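Below: one structure, written as structure tokens.
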Amino acid sequence: METRLRVDGMDCGACATSCAAPENSRPAPEMPWWRSRQGLLTLGTGALMLCAYGAASLFPAFERPIFLAAVLLGLIPVARRAWTSARLGSPLSIETLMSLAALAAVSVGAEAEAAAVLFLFQVGESLEGVAARRSRDGIGALIELLPRSAQRETADGSLETIAAERLLVDDRIQVHAGERIPADGEVLEGIGGVDESPLSGESLPQVKQPGEAVFAGSVNLESRLRIRVTADATDNTIARIARLVREAQARKAPSARFIERFARVYTPLVVVFATLVAVVPPLFLGAIWSEWIYRGAAILLIGCPCALVISTPAAIAAGLAAGARHGLLMKGGAVLEGLARISRVAFDKTGTLTLGRPQVTEVIVLAGTREQLLERAAALSAGSAHPLSRAILTHTASAGIAPAAPDEIRALPGQGVSAQIAGHDCLLGSLAAARERLDDDSALIEAAEPQLALGRSLSVLIEDGRALGLIAMHDAPREDARAGIAALERLGISSLVLSGDQRPAVEALAGPLGIEAHAGLLPEDKQRLVRELQHVGERVAKVGDGINDAPALAAAEIGIAMGGGTEVALETADAASLHGRVGDVAAMVRLARRTLRVIHQNVAIAVGLKLGLMVTTLIGLTGLWPAVLADTGATVLVTANALRLLRVRVIEPEPASTQPTQPTQPTPRQDAQAHSCGSCACTD
């Protein structure tokens with residue numbers, strides 16, 4: 001039989017105190033990028049280049065040695081990686097191309113060009129390294145959702161404070177209102193709302209009763225809960241999400257850069273052709289060896305990918321800059337290429353396709369007047385941080401209705417809030433709580449059923465045992481949601497929604513948008529559906545803003561975070577929309593496709609010039625120096641072509657029929673604040 005031992009502390013014998021176990025281990029902060037090995041290489045190469053340019057005017061004799069030093073500093077690590085790749089079966093990696101380009105340029109005295117090639121390459125590698133580190137930081141931020149300590153019950157019924165990571169299965173803990181739940185568990189005592197939005201994406205608190213499950217990282221909003229732990233720290237919800245993200249990132253093969261794929265064919269052809277030019281005429285036609293070896297060397301230099309290596313990053317940099325100017329952030333050229341090829345976009349619902357906060361959609365009066373209903377509802381909602389209460393207060397304020405003056409306000413955890421208003425007993429609460437207080441609830445049910453079918457959340461006002469009416473609310477779609485989905489359709493990309501919300505609410509959103517709906521999903525379910533789409537050949541982009549989206553964001557070809565989302569989503573994703581517009585997804589795709597077209601044009605320009613020079617070299621019209629000058633000219637041409645991307649307008653004007661009627665502000669999803677929920681209007 002397995003025996004589980006718990007060591008809460010130990011007496012080391014050397015002191016009179018007991019040594020407590022350490023707090024939850026938090027990831028140590030990583031060093032700044034400029035202190036990393038890659039960062040130092042990049043800065044060193046750039047500094048030597050600046051010194052060489054300065055020496056050209058002040059001390060011309062030192063120009064070439066300093067440029068050579070810059071080339072050597074940048075070339076050694078690149079050549080080492082090229083050699084490692086060759087040993088592992090990839091002899092024509094991007095590092096091999098860089099090494100060939102630099103050596104060929106140095107061989108004809110073009111040290112400045114060689115240093116520039118290596119410096120640009122190091123800059124790109126540094127940027128990719130920064131993006132990778134920020135993804136790891138995003139995983140570390142998951143741990144911050146867990147409280148550092150927990151209140152565990154002892155054998156005599158008292159409470160002790162221990163590190164949350166030391167909780168074991170079957171421990172009993174207590175969590176007070178406003179505190180985060182430190183472990184997955186089952187409610188033993190207490191009734192109250194729990195904010196699970198960071199984990200499930202559900203925008204409204206969920207009422208928890210004895211026997212129901214709660215999850216680590218969620219927030220207890222109302223009353224004290226007594227919980228039995230059902231999973232230890234290595235297997236709770238947060239740990240599983242972090243594990244899913246790591247596994248998805250490990251399985252996600254890096255996208256090969258276009259220039260690297262192109263070089264797999266281009267480079268061997270150039271090497272074989274140059275060798276044939278140098279060897280065939282002397283061997284079989286009796287030509288002079290020195291003359292044809294010179295021509296073979298010239299062709300090898302002409303084929304050197306300097307222009308390709310420099311111009312492709314120029315196009316990518318211009319594309320990234322054009323996106324950033326419009327609030328579209330993408331983590332490198334591989335992301336641009338991946339965006340250009342996606343065929344399916346999977347959206348989260350809450351905070352992505354919707355505003356992330358409920359709004360009043362309908363006020364249904366069953367008795368009395370509308371003003372009376374709203375005055376009493378506002379009075380009972382005042383002072384509450386509950387999302388439904390805030391929605392009611394916003395609606396009544398916009399309608400110019402002042403709250404009534406309540407007396408004897410009482411919180412009813414999991415049901416709502418009651419008070420005396422103008423001598424009447426009033427309750428604002430859930431549909432279930434209202435039905436318990438009515439002798440005849442038929443009229444209420446008749447009014448509520450159509451709203452429930454549309455996925456609306458309901459708050460019911462009861463006065464002296466009769467229903468005055470109900471207020472229906474829902475999380476409204478973003479005003480550009482329909483236009484954003486339509487823009488993707490025009491690009492040949494279909495959409496779907498993956499949500500942790502209840503099916504009626506998800507279908508009510510997806511139906512008018514004309515997209516496929518999947519509801520009630522856990523983080524692992526979202527990741528699984530992304531994998532299933534990939535298995536049938538779809539290239540999937542996942543768009544989300546919450547922690548529950550992180551595994552799917554990492555698993556998709558491209559993960560896109562909405563700018564108002566959590567830090568974990570922003571760091572795990574490959575791209576981000578800072579303005580939180582649905583239409584930004586289509587804008588990213590348009591920009592990516594234009595950038596890829598420019599890259600293809602640049603390759604065509606560079607290769608076309610090289611082919612022309614090869615012909616003139618074969619017939620003896622040009623040699624090494626014209627080849628170097630022409631290669632520099634090709635670099636100028638393709639760089640100028642790339643800079644055209646800076647003038648691209650990536651945000652399309654919306655059609656007149658879909659112009660928003662009100663300005664939409666992106667809504668960051670925030671952790672629920674501690675409050676007593678004294679006037680919550682919790683849903684059924």
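Since the structure is predicted, the reported quantities are computational estimates derived from the model, not experimental observations.
A salt bridge links R503 to E507: at least one charged side-chain nitrogen sits closer than 4.0 Å to a carboxylate oxygen. Classification of R528 and E524 as a salt-bridged pair fails, no side-chain N sitting under 4.0 Å from a carboxylate O.
Sorted by first and then second residue, the pairs that involve residues 427-436 and meet salt bridge (Lys or Arg N to Asp or Glu O under 4.0 Å), not counting sequence neighbours, are R435-D441.
The closest side-chain heavy-atom distance from L168 to V229 is not below 4.5 Å. For the pair L188 and R172, the minimum side-chain heavy-atom distance is below 4.5 Å. Under the 4.5 Å side-chain criterion, counting only non-hydrogen atoms from C-beta, L522 is not in contact with F215. Inter-residue side-chain proximity for L380 and I421 is flagged as met; some heavy-atom pair is nearer than 4.5 Å. Contact annotation: the side chain of I392 approaches that of M473 to within less than 4.5 Å [non-hydrogen atoms, C-beta and beyond]. Using a 4.5 Å heavy-atom cutoff, the side chains of I173 and Q151 are not in contact. V207 has its side chain out of reach of S430: every pair of non-hydrogen atoms, C-beta onward, lies at least 4.5 Å apart. Side-chain contact between Q534 and V540 is present, with heavy atoms from C-beta onward closer than 4.5 Å.
When the options I558, L533, L529, L498 are evaluated for a side-chain contact (heavy atoms from CB on, under 4.5 Å) with K542, the one that passes is L498.
Residues that satisfy the side chain to side chain contact (heavy atoms under 4.5 Å, CB included) test with S343, not counting sequence neighbours, are E538, R539. The side-chain hydrogen bond (donor to acceptor under 3.5 Å, both in side chains) search around R344 returns S494, E516, not counting sequence neighbours. For R228, the salt bridge (charged side-chain N to carboxylate O under 4.0 Å, His left out) partners two or more places apart in sequence, or in a different chain, are D170, E186. In this structure E489 satisfies the side chain to side chain contact (heavy atoms under 4.5 Å, CB included) test together with I485, sequence neighbours excluded. In this view, E153 and R226 satisfy the salt bridge (charged side-chain N to carboxylate O under 4.0 Å, His left out) rule, not counting sequence neighbours. Checked against side-chain hydrogen bond (donor to acceptor under 3.5 Å, both in side chains), T354 has the following partners two or more places apart in sequence or in another chain: D475. Listed by chain and residue number, nothing satisfies the side-chain hydrogen bond (donor to acceptor under 3.5 Å, both in side chains) test with H176 (two or more places apart in sequence, or in another chain). Looking at residues two or more places apart in sequence or on another chain, you find a side chain to side chain contact (heavy atoms under 4.5 Å, CB included) between A486 and R490. Checked against side-chain hydrogen bond (donor to acceptor under 3.5 Å, both in side chains), D525 has no partners two or more places apart in sequence or in another chain. S158 pairs by the side chain to side chain contact (heavy atoms under 4.5 Å, CB included) definition with T154, D156, not counting sequence neighbours.
Contact record, A216 with D184: N-OD1, 2.8 Å, taken as the closest heavy-atom pair. Considering every non-hydrogen atom in both V506 and A517, the closest pair reads CG1-CB, 3.9 Å. Looking at every heavy atom in both residues, L438 comes nearest to A467 through CD2-N, 3.8 Å. For A183 against L167, the heavy-atom pair with the smallest separation is CB-CD1, 3.9 Å. Of all the heavy atoms in S149 and P182, the pair that sits closest is O-CB, 4.3 Å. Between P358 and P387, the shortest heavy-atom distance links the atoms CG-O, 3.6 Å.
When atom types are taken as modelled, the side chain of D480 and the backbone of V582 share a donor-acceptor pair closer than 3.5 angstrom. Not a single donor-acceptor pair under 3.5 Å links the side chain of S459 to the backbone N or O of I471. Remark: side-chain polar atoms of R531 are not paired, donor with acceptor, to backbone N or O of Q527 under 3.5 angstrom. Put simply, the side chain of N220 gets close to the backbone of V175: a donor and an acceptor are under 3.5 Å apart. Side-chain N or O atoms of R478 include one that pairs as donor or acceptor with a backbone N or O of G351 at under 3.5 Å. Counting only distance, with no hydrogens or angles, the side chain of K526 and the backbone of S499 share no donor-acceptor pair below 3.5 Å.
In this structure, the separation between OG on S218 and NZ on K208 is 7.5 Å, given to the nearest 0.5 Å. Rounded to the nearest 0.5 Å, atoms CD1 (I462) and CG (L470) are 9.5 Å apart. The CZ atom of F347 lies 5.0 Å from the CG atom of L488; values are rounded to the nearest 0.5 Å. Separation of atoms CG (L444) and CG (L366) is listed at 6.5 Å; rounding is to 0.5 Å. Atom-to-atom distance recorded for Q451:CD and L458:CG is 6.5 Å, nearest 0.5 angstrom. Put simply, CG on L388 and OG on S381 are 8.5 Å apart, with the number rounded to the nearest 0.5 Å.
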CA sep, side-chain torsions, deciding dist, call: I560, M588, side-chain contact (heavy atoms from CB on, under 4.5 Å) | CA-CA 10 Å; I560 303 173; M588 287 183 187; 4.0 Å; yes
- V543/D549 under side-chain contact (heavy atoms from CB on, under 4.5 Å): CA gap, chis, key distance, verdict: CA-CA 8 Å; V543 187; D549 296 303; over 6 Å; no
- Message: Determine whether L513 and V497 satisfy the following criterion, side-chain contact (heavy atoms from CB on, under 4.5 Å), listing intermediate values before the conclusion.
- Response: CA-CA 10 Å; L513 296 178; V497 57; over 6 Å; no
What verdict does the side-chain contact (heavy atoms from CB on, under 4.5 Å) test give for R357 and R390, after you've listed the backbone C-alpha separation in whole Å, the side-chain angles of each residue and the deciding distance to 0.1 Å? CA-CA 9 Å; R357 62 179 185 271; R390 291 198 298 267; over 6 Å; no
Per-pair distances, 0.1 Å, donor-acceptor, side chain in residues 371-378, under 3.5 Å, sequence neighbours excluded:
residue : atom : partner : partner atom : Å
R376    : NE   : E463    : OE2          : 2.5
R376    : NH2  : E463    : OE2          : 3.4

